Amino acid sequence: QVQLVESGGGSVQTGDSLRLSCAASGRTVRWYAMGWFRQAPGKEREFVGAISWSGDSTYYADSVKGRFTISRDNAKNTVYLQMNSLKPEDTAGYYCAAGSRGMNYPSLGSSYDYWGQGTQVTVSS
């Protein structure tokens, strides 16, 4: 089993930055692809980005491309989501996920086996 715990969320202003962390425990996620998703109230869950187990490949939703960056530190069993130039539309609960089946479909929730409980990000104008 893998437990994922997100942290780093908060309330910020438009244009600010935040860095979210996702710490894994239970077993190493070194060989897992990791993804970030978000869900705003009344909306469906949305893919944000993903990173391969090696960190060599990353994928982003068009809505965050150029503003968000995913990275990972396998020695610390932690994945990060650096969010810059935040906008009110980025307001959502952010969830990390771990998948053992590679990166064939990184934007699909079904590609991931484990999910965290989420951390809230609120961006005000």
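Being a predicted model, the structure only gives us computed values, none of them experimental. The first residue in the sequence is number 1, and the count goes up from there.
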**Study point:** Within 6.0 angstrom of Gln39 CD, more than 12 heavy atoms from elsewhere
**Key:** yes
**Study point:** Nearest heavy-atom neighbours spanning Gly8 and Thr119
**Key:** N-OG1, 4.3 Å
Practice item. Identify the two heavy atoms, one from Ala92 and one from Ala40, that lie closest to each other, and give their separation to 0.1 Å. Key: CB-N, 3.8 Å
**Study point:** Backbone N/O of Gln117 and side chain of Glu6: donor-acceptor pair under 3.5 Å
**Key:** yes
Point to revise | Plane angle bin for Tyr32 and Tyr114 - parallel if under 30°, tilted between 30 and 60°, otherwise perpendicular | key: tilted
Review point. Between Lys65 and Asp62, does at least one N-O distance fall below 4.0 Å, as a salt bridge requires?
Key: yes
Exercise for review: Grab the two heavy atoms, one from Met103 and one from Ser52, that are nearest each other, plus how far apart they are.
Suggested key: CE-N, 3.7 Å
Review point. Just how far is it from atom OG of Ser25 to atom CD of Gln3, taken to the nearest 0.5 Å?
Key: 4.5 Å
Exercise for review: State whether the side chain of Ser111 and the backbone N or O of Pro106 hold a donor-acceptor pair below 3.5 Å, judged by distance alone.
Suggested key: no
Check your understanding: Is the shortest heavy-atom distance from the side chain of Asp90 to the side chain of Met83 under 4.5 Å?
Key -> no
**Study point:** Minimum side-chain heavy-atom gap Arg72-Met34 below 4.5 Å
**Key:** yes
**Study point:** Exam field: side chain Ser124 to backbone Val12, donor-acceptor pair closer than 3.5 Å
**Key:** yes
Revision key, fill the gap. So CG of Asn77 and OG1 of Thr28: to nearest 0.5 Å the spacing works out to 4.0 Å
Exercise for review: Mark yes when over 12 heavy atoms from residues, nucleotides or ligands other than Glu89 sit less than 6.0 Å from its CD; otherwise mark no.
Suggested key: yes
Exercise for review: Would you please indicate yes or no on a ring centroid separation below 6.0 angstrom for Phe47 and Phe37?
Suggested key: yes
Point to revise | Exercise: identify the closest heavy-atom pair between Ala24 and Val2 | key: CB-CG1, 4.3 Å
Point to revise | Arg38 versus Tyr94, side-chain donor and acceptor atoms under 3.5 Å | key: yes
Review point. Do Ile70 and Trp36 pass the side chain to side chain contact (heavy atoms under 4.5 Å, CB included) test, and can you show the C-alpha distance, the side-chain angles, and the key distance before you say yes or no?
Key: CA-CA 9 Å; Ile70 295 176; Trp36 284 95; 3.9 Å; yes
Exercise for review: Evaluate the side chain to side chain contact (heavy atoms under 4.5 Å, CB included) criterion for residues Leu81 and Val48: first the C-alpha distance (whole Å), next the side-chain angles of each, then the deciding distance (0.1 Å), finally the verdict.
Suggested key: CA-CA 9 Å; Leu81 179 66; Val48 174; 4.2 Å; yes
Practice item. State yes or no: do Ile51 and Leu4 share one hydrophobic cluster built from I, L, V, M, F, W and Y residues joined by side-chain heavy-atom distances below 4.5 Å, directly or via other members? Key: yes
Point to revise | ILVMFWY network linking Leu20 to Leu86, side-chain heavy atoms under 4.5 angstrom | key: yes
Practice item. Please report the closest heavy-atom contact between Tyr112 and Ala50, naming both atoms and the distance. Key: OH-CB, 3.5 Å
**Study point:** Note, Ser107 side chain near Tyr60 side chain (heavy atom, < 4.5 Å)
**Key:** no
Check your understanding: Any chain of hydrophobic side-chain contacts (each under 4.5 Å) joining Val79 to Leu18?
Key -> yes
Check your understanding: Taking everything shown except Tyr105 itself, do over 12 heavy atoms lie less than 6.0 Å from its OH?
Key -> no
Exercise for review: Could you tell me whether a side-chain N or O of Asn74 sits under 3.5 Å from a main-chain N or O of Trp53, the two making a donor and an acceptor?
Suggested key: yes
Review point. Under 3.5 Å, is there a donor-acceptor pair between the side chain of Arg101 and the main chain of Ala33?
Key: no
Review point. Could you walk me through whether Gln82 and Ser71 pass the side chain to side chain contact (heavy atoms under 4.5 Å, CB included) check?
Key: CA-CA 8 Å; Gln82 178 67 43; Ser71 61; over 6 Å; no
Review point. With a 4.5 Å limit on heavy-atom distance, are the side chains of Asn84 and Phe68 in contact?
Key: no
Review point. Does any donor atom in the side chain of Thr78 or Asp73 lie under 3.5 Å from an acceptor atom in the other side chain?
Key: no
Revision key, fill the gap. Ser125 and Thr14 have their tightest heavy-atom pair at CA-OG1, 3.3 Å
Practice item. Using atom types as modelled and distance alone, determine if a side-chain donor or acceptor of Thr91 lies under 3.5 Å from a backbone N or O of Val123. Key: yes
